[in-house]
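Written out below as C-alpha cells is the structure these notes cover.
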Amino acid sequence: MTWTVRVDAGLCLGSGICAGTAPEVFVLEEDRARPLAERVAARERILEAADMCPAQAITVHDGTAVIGPRPD
C-alpha cells in the first residue's frame, strides 16, 4: 500500500519535526520541508509527522481520502 504525501510550502514553518520523525520521507530544503517522493510506502511514522506538524502543512492521502493529519 502506498500513500501520497504533500507539504504546503506556504504553510511550512521549517521546524524540521517531520524530517526528524520520518527522515526517509521528508527533508528540509531552503528552510522548508518537502517530501523526497510524492508516493511513499504506508508507515505510521508518516501520519505521526503530519500530526506533529505545528503548521499542519503536511497532508497524507490514501487514494482520494485525506488520512493525515488525524483529528485530535
query = Ignoring hydrogens and geometry, is there a side-chain-to-backbone donor-acceptor pair from Arg32 to Cys12 under 3.5 Å?
reply = yes
Whether Asp8 side chain and Leu11 backbone form a donor-acceptor pair below 3.5 Å: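 Yes, Asp8 side chain to Leu11 backbone: donor-acceptor pair under 3.5 Å.
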Report the C-alpha distance between Arg45 and Thr21 in whole Å, list the side-chain angles of each, state the deciding distance to 0.1 Å, and finish with yes or no for side-chain hydrogen bond (donor to acceptor under 3.5 Å, both in side chains). CA-CA 7 Å; Arg45 210 177 334 192; Thr21 303; over 6 Å; no
Between [atom1] on residue [X] and [atom2] on residue [Y], distance to nearest 0.5 Å:
X: Glu38; Y: Thr4; atom1: CD; atom2: OG1; answer: 5.5 Å
X: Asp51; Y: Ile46; atom1: CG; atom2: CD1; answer: 12.0 Å
X: Phe26; Y: Leu36; atom1: CZ; atom2: CG; answer: 9.0 Å
X: Asp62; Y: Met1; atom1: CG; atom2: CE; answer: 5.5 Å

Residues passing the salt bridge (charged side-chain N to carboxylate O under 4.0 Å, His left out) test with Glu29, sequence neighbours excluded, are Arg34
May I ask whether [X] and [Y] are part of the same hydrophobic cluster, defined by side-chain heavy atoms of I, L, V, M, F, W, Y residues being less than 4.5 angstrom apart, directly or through others?
X: Val7; Y: Val40; result: yes
X: Leu47; Y: Ile17; result: no
X: Ile67; Y: Ile58; result: yes

ask   = Considering residues, nucleotides and ligands other than Gln56, do more than 12 of their heavy atoms fall under 6.0 Å from its CD?
value =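 Incorrect, the count does not exceed 12.
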Next on the checklist: Looking at Glu30, I'd like to know if its CD atom is crowded, meaning that more than 12 non-hydrogen atoms belonging to other residues, nucleotides or ligands lie closer than 6.0 Å.
Outcome noted: no
Between Glu48 and Arg43, does a salt bridge (charged side-chain N to carboxylate O under 4.0 Å, His left out) hold up when you go through it step by step?
CA-CA 9 Å; Glu48 290 171 4; Arg43 293 188 182 116; over 6 Å; no
Practice task
Check the pair Arg6, Thr59 against side-chain hydrogen bond (donor to acceptor under 3.5 Å, both in side chains), reporting the backbone distance first and the verdict last.
Solution key: CA-CA 5 Å; Arg6 296 186 182 115; Thr59 54; 5.3 Å; no
- [ ] Please name the pair of heavy atoms, one in Val60 and one in Ala50, separated by the smallest distance, quoted to 0.1 Å.
- [x]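 Minimum heavy-atom separation between Val60 and Ala50: CG2-CB, 4.0 Å.
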